[in-house]
Amino acid sequence: MTERPQPAASADDADWWRNAVIYQVYLRSFADSDGDGIGDLEGVRAHLPYLRDLGVDALWFTPWYSSPMADGGYDVADYRSIDPAFGTLSQAEALIGEARRLGIRTIVDIVPNHVSEQHPWFQEALACPPGSPERERFWFRPGRGPDQDEEPTGWTSNFGGPTWTRTKNPDGTAGEWYLHLFAPAQPDLNWNHPEVRAEHEAVLRFWLDRGAAGVRIDSAALLIKDPVLPEVGADLRPGEHPYEDRDELHEIYASWRAIVDSYPDTRVLVGELWLPDAQRFARYLRSDELHTAFNFDFLACPWDAARLRSSIEATLRAHAPVAAPATWVLSNHDVTRPVTRYGRADTSFSFAAKRPATVTDLVLGRRRARAAALLAMALPGALYIYQGDELGLPEVEDIPASQLADPMHFRSGGVDPGRDGCRVPLPWSGARPPFGFSPEGARPWLPQPSSWRELTAEVQAADPASTLSLYRSALAVRARDPALRNGSLTWLPGSPEVLAFRRADDFACMVNLSPELQELPADVDLILTSTAFDGRWLPPDTAVWLRL
Ligand code: GLC
C-alpha cells in the first residue's frame, strides 16, 4: 500500500505553492539530537528522509530565533540568530540547503506584530524616559485616571486579561503603560514607525537570502492600530476595529510582495489571518499582496456534512475573484488535535470554548480524522499538515500542572487548558518514552503518554493499515495525479450527509458523514479508503478515493 511519492513541485516550478503539501514543524517537539529534551535543527536534519518519504513539498518551521520562550518562540529577541536550544545559523542554512536537495522547500515564521521584552529595542525603550524616540517604536501611553493607574484602553488580550502592562521608572515609581495584544513578554510594535517597517523588510531579505522559499506571517491582521486607541465598539463596520484587519495593512503586504517578487524564483507570503469575513480575507490575497492564507474556517468546522460543504464552497467562492488558491488546514500548534476533537460531542474548534476534556471517544475520533485527512487532501489548493497528525496523535490532556508552559493557560486563570497538549514531543521509535525523540535516558520537555508506543513512526511504518501509511499513500497519489493537483471541483449528486465531489474527469472523493452505510456508484475503482470495507457499502465516518 505504501508507495514512494514523486515530488509534486519540480525545482523550477513557479507555481509550486498553489498545490503544495506543507508540513508544519514545531521544532521544540520534533526531534532532539543532543539530549536536552528540546527538539533541534539536527533532529530535523536526521529525519529529512522521513519527510521526503511522507511526500511533503515544504516545511514550515515555527519560530527558531533567539527567544526567552515566553510563548514558544513567538517572542523573538533576535531575528538574525537561531536560539541556542535549537542550534546555530549555519545549521539552519545547511538544513535549508539539504532539504531543498531532497525536493523540500523551507518556510520560516515571521512575527511582525510584536517582539520579546528582551529585544534590544524594548530594553532601550524601557531605559529611556517617556516621550523619548526609543519608545516610539512601541505603544507606550500614560494610564487613565488621576493616578494614571488605569489601563489606557479596556481591550482584552488574545491570551486573556488586559493588553497593557505598567512599567517602572528608573527611580522605582510607577511609569507609563505599554501595549501587548498577547502576553506582557510580547510588546506590540508601532507599525507607523519607519524603522519598524525597514527592520522587517531587512529581516525578510535576511531569510530569503538564506534560501527560505517563503514566510508565514504571524498574527498578520493585527499589525496596524488606530493611533487614537479607541475602545472596541459594539457595531463595528469592516476596517473599523482599532487593531484588527485595518486597511493600512495592505500597503505593508504590497511592499513585502515587491520584495519577494524581486527574487528570481518564486518565494511566497502566507498569512495567519483569523478573519470572519470571507471578502475581507480575500483582499489580502490580491495578486500584489499575500500568496495564500490559512483557512481557519475549515479548521474550525464541525464534523458535519452540511457545515463542511458550506465551508468548502465559501472558501472556493472567496478565493475565486482574486485567483488565489485555497488552503486546507485541519490543525496546527494552537488548536486541539483532530483525533481528540472529532471524538467529542462538540467537534468544532474555538478558542473561546476550549475546555479540559469531557468525554472523548478516540477510536471514533481517529476514524474521522483519517477520513478528514483524505477529504482535505482531495480539495483543490495547498494542504497543511501539522507534525504528528500523520501519526494520528491525540491531544495529551493529562500533562502535570507543573510542566505546563503555555501562557494561554496561565493568563486564562487556568480555565483554558492551553496549547501544550498538541505540542507533546513526537514518538519515533521504541517501546517507552522518550520514544526516540531524545536519546535514551533524556527527558523530553513535555511528558509523552506511555500508550504512544503503539503510535510511533516505527510501528506505523511497518503497518499498512496505520495512519502514517494512509498519509503516505494518499500523498503519493496526490503528487502523481494531475486531477488532484490542478483539476476543478464538481459536487456529485447524492445524500446530503455524504460529501461527494469530482476532480477533473476521473477522480472522485466521497466522505460518509451519515450514521448509515452508503452504496458506492457502480463501475468505479477504489484508489484508497480511510477505513477498510467491502468495496461496495461505504461505512459511516469513512472517506474513499475513486477512479471513475
Ligand atoms: C500566533 C501563533 C501563536 C502565538 C501567537 C502570538 O497565533 O500561531 O502560537 O502564540 O501568534 O505570536
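Both counts, for ligands and for their atoms, begin at 1 and track the order of listing.
At least one heavy atom of Arg423 sits closer than 4.0 Å to an atom of ligand 1. At least one heavy atom of Arg419 sits less than 4.0 Å from an atom of ligand 1.
Geometric assessment of Arg411 against the ring of Phe159 yields a negative cation-pi assignment under the 6.0 Å and 45° thresholds. For Arg137 and Trp121, the positive end sits near the middle of the six-membered ring, less than 6.0 Å away and at most 45° from its axis. For the pair Arg28 and Trp445, the cation-pi criterion (under 6.0 Å, within 45° of the ring axis) is fulfilled.
Of all protein heavy atoms, the one closest to atom 7 (O) of ligand 1 is Glu272 OE2, 2.8 Å. Of all protein heavy atoms, the one closest to atom 8 (O) of ligand 1 is Asp334 OD2, 2.5 Å. The single protein non-hydrogen atom nearest to atom 5 (C) of ligand 1 is Phe182 CE2, 3.8 Å, given as residue, atom name and distance. The nearest protein atom to atom 4 (C) of ligand 1, hydrogens excluded, is given as Asp71 OD2, 3.4 Å; this is a heavy-atom distance. Nearest to atom 2 (C) of ligand 1 among the protein's heavy atoms is Asp218 OD1, 3.1 Å.
In summary, the atoms of ligand 1 found under 4.0 Å from a heavy atom of Phe159, numbered by their order in the structure, are 10 (O).
At a 4.0 Å heavy-atom cut-off, ligand 1 touches His114 through the side chain alone. With a 4.0 Å heavy-atom cut-off, ligand 1 is reached by no atom of His180.
Salt bridge present: Arg216 and Glu272 bring a charged side-chain N and a carboxylate O closer than 4.0 Å.
Contact of the Tyr342 side chain with the Leu330 side chain is registered, since non-hydrogen atoms from C-beta on lie closer than 4.5 Å. The closest side-chain heavy-atom distance from Ser29 to Leu426 is not below 4.5 Å.
The distance between the ring centers of His180 and Trp139 does not fall below 6.0 angstrom.
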**Message:** For a salt bridge (charged side-chain N to carboxylate O under 4.0 Å, His left out) check, start with the C-alpha distance between Arg283 and Asp277, then their side-chain angles and the critical distance, and finish with the verdict.
**Reply:** CA-CA 10 Å; Arg283 293 176 74 218; Asp277 182 321; over 6 Å; no

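Backbone and side-chain nitrogen or oxygen atoms of Trp274 are examined, and none is located within less than 3.5 angstrom of a nitrogen or oxygen of ligand 1.
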